[in-house]
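A quick write-up on the structure given underneath.
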Amino acid sequence: MTIEDSRSVDSIVHDNRFAGEACNLLFSGISDMKQIIDRLEKAECLTRDEWILLLSGYRDEDRVYAAEKARRIAGHYFGNRIFIRGLIEFTGFCKNNCYYCGLRRENEKAQRYRLTEEEILSCCEQGYKLGFRTFVLQGGEDAWYTDARIEHIIRLIKGRWPDCALTLSIGEREEASYRLFYEAGADRYLLRHETGDRAHYGRLHPPEMSFDHRKDCLRALKKIGFQTGCGFMVGSPGQCAQTLAEDMLWIQELRPHMIGIGPFIPHQDTPFGQERAGDYQMTLFLLSLLRIMGKQVLLPATTALGTIHPEGREAGILAGANVVMPNLSPVSVRRKYAIYDHKLCMDAEAAEGLADLEKRLRQIGYETVSERGDWKGR
Ligand code: SAH
């Protein structure tokens with residue numbers, strides 16, 4: 001049986017969404033995972049059945065095979081150069097109630113804060129001196145930051161550091177708001193889709209949040225002209241090969257410029273406080289597959305990956321990532337932006353953190369560069 005013949009993997013695994021073992025038995029020796037990975041490299045897409053087969057049936061050797069291929073592709077486009085982004089977590093207020101996130105509005109234990117314009121500018125100032133040429137403004141969905149206030153901050157930052165790229169990560173807004181931000185000078189926008197599977201989206205979010213709206217936002221951002229990033233958590237409650245296949249199919253459709261993935265990590269004061277964290281090796285495997293599929297895509301080794309394993313960031317780069325996003329927020333608020341437990345970068349100053357990070361990257365043969373690091377693909 002060939003891959004093309006395996007039409008109905010969907011129906012086979014339908015009743016057992018974690019059908020890794022079953023798939024292994026069914027297809028071992030029948031479909032070679034390496035063949036599927038080769039096809040992904042060539043076609044830059046797979047069918048739903050192929051994704052399910054690969055994501056439920058892969059073995060250690062396939063992971064290694066994918067990592068080597070991903071690293072070669074990243075090396076071809078980026079050499080040993082790693083882009084750095086200065087992350088400024090400027091508000092801890094959020095009107096949403098996502099079941100996984102420590103900033104959810106019903107978490108009364110969260111210590112809410114908001115940076116002033118002056119504080120945000122001073123983060124940029126410090127970041128610029130350290131060599132950052134991209135600033136990322138990330139926060140909860142905080143209505144205090146009206147469109148006009150965000151627009152004002154964009155103009156201030158872009159006016160003062162016109163050679164820098166500005167990325168926003170402030171959740172869902174109207175298309176007109178996104179347009180306003182783009183016209184004010186923002187260059188990029190990160191909005192993880194969180195899961196490409198409608199039912200799974202409903203398991204991660206309260207009913208008032210809309211799967212369709214999130215996808216519409218991403219389409220709008222891309223249409224407006226932003227370098228656009230989506231992404232998802234690995235190992236979020238209810239995730240399985242089938243839901244991951246939907247993530248990959250959505251990414252194939254959207255063709256984002258950036259993709260942020262990291263393991264799910266429970267936060268004790270959320271409904272998912274007792275759930276298990278996402279799998280480290282699975283995260284690395286997915287990073288490799290995203291590199292193989294997206295070629296020039298901007299792919300960070302995320303803080304969450306660094307949090308679940310002491311060498312997570314390095315391993316992420318060796319699996320195909322080419323971006324790191326050190327924390328530039330003022331030390332006084334860093335602990336408060338707790339989207340999950342034990343989040344890294346709580347105390348280390350950005351300066352110390354960056355020097356340490358650079359040293360660690362040099363040890364695996366990579367160097368950070370002081371550049372905007374824009375998307376250069378087609
Ligand atoms: N409000 C913004 C920024 C959210 S924080 C927005 O909606 O885009 C950035 C990302 O952190 C989220 O998109 C989510 O994927 C991730 N995240 C949130 N809680 C997490 C957790 N418990 N474990 C791992 N990642 C988490």
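When a ligand or atom number is given, it counts from 1 through the structure's own listing order. We count residues from 1, following the sequence as given. This one's a predicted model, so the numbers in the text were calculated from it and none came from an experiment.
Here ring-ring contact (aromatic ring centres under 6.0 Å, His included) pairs that include residues 357-378, with residues two or more places apart or in two chains, are H257-W375.
A salt bridge does not link K95 to D142: none of the charged nitrogens lies less than 4.0 Å from a carboxylate oxygen. A salt bridge is absent between E41 and K295; no separation between the charged side-chain nitrogens and carboxylate oxygens falls under 4.0 Å.
Aromatic rings of Y58 and F285 (six-membered ring for Trp) have centroids within the 6.0 Å cut-off, being under it.
If you take NZ on K69 and CD1 on I37, they are separated by 8.0 Å, rounding to the nearest 0.5 Å.
Seen from the ring of Y128, R133 counts as a face-on cation partner, given the 6.0 Å and 45° thresholds.
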So what's ligand 1 close to, N/O to N/O, under 3.5 Å?
{"unit_1": "ligand 1", "atom_1": "1 (N)", "unit_2": "G139", "atom_2": "O", "d": "2.9"}
{"unit_1": "ligand 1", "atom_1": "7 (O)", "unit_2": "R214", "atom_2": "NH2", "d": "3.3"}
{"unit_1": "ligand 1", "atom_1": "13 (O)", "unit_2": "E194", "atom_2": "OE2", "d": "2.6"}
{"unit_1": "ligand 1", "atom_1": "15 (O)", "unit_2": "R192", "atom_2": "NH1", "d": "2.9"}
{"unit_1": "ligand 1", "atom_1": "15 (O)", "unit_2": "E194", "atom_2": "OE1", "d": "2.7"}
{"unit_1": "ligand 1", "atom_1": "15 (O)", "unit_2": "E194", "atom_2": "OE2", "d": "3.4"}
{"unit_1": "ligand 1", "atom_1": "22 (N)", "unit_2": "Y100", "atom_2": "O", "d": "3.0"}
{"unit_1": "ligand 1", "atom_1": "22 (N)", "unit_2": "I265", "atom_2": "O", "d": "2.7"}
{"unit_1": "ligand 1", "atom_1": "23 (N)", "unit_2": "I265", "atom_2": "N", "d": "3.0"}
{"unit_1": "ligand 1", "atom_1": "23 (N)", "unit_2": "I265", "atom_2": "O", "d": "3.3"}

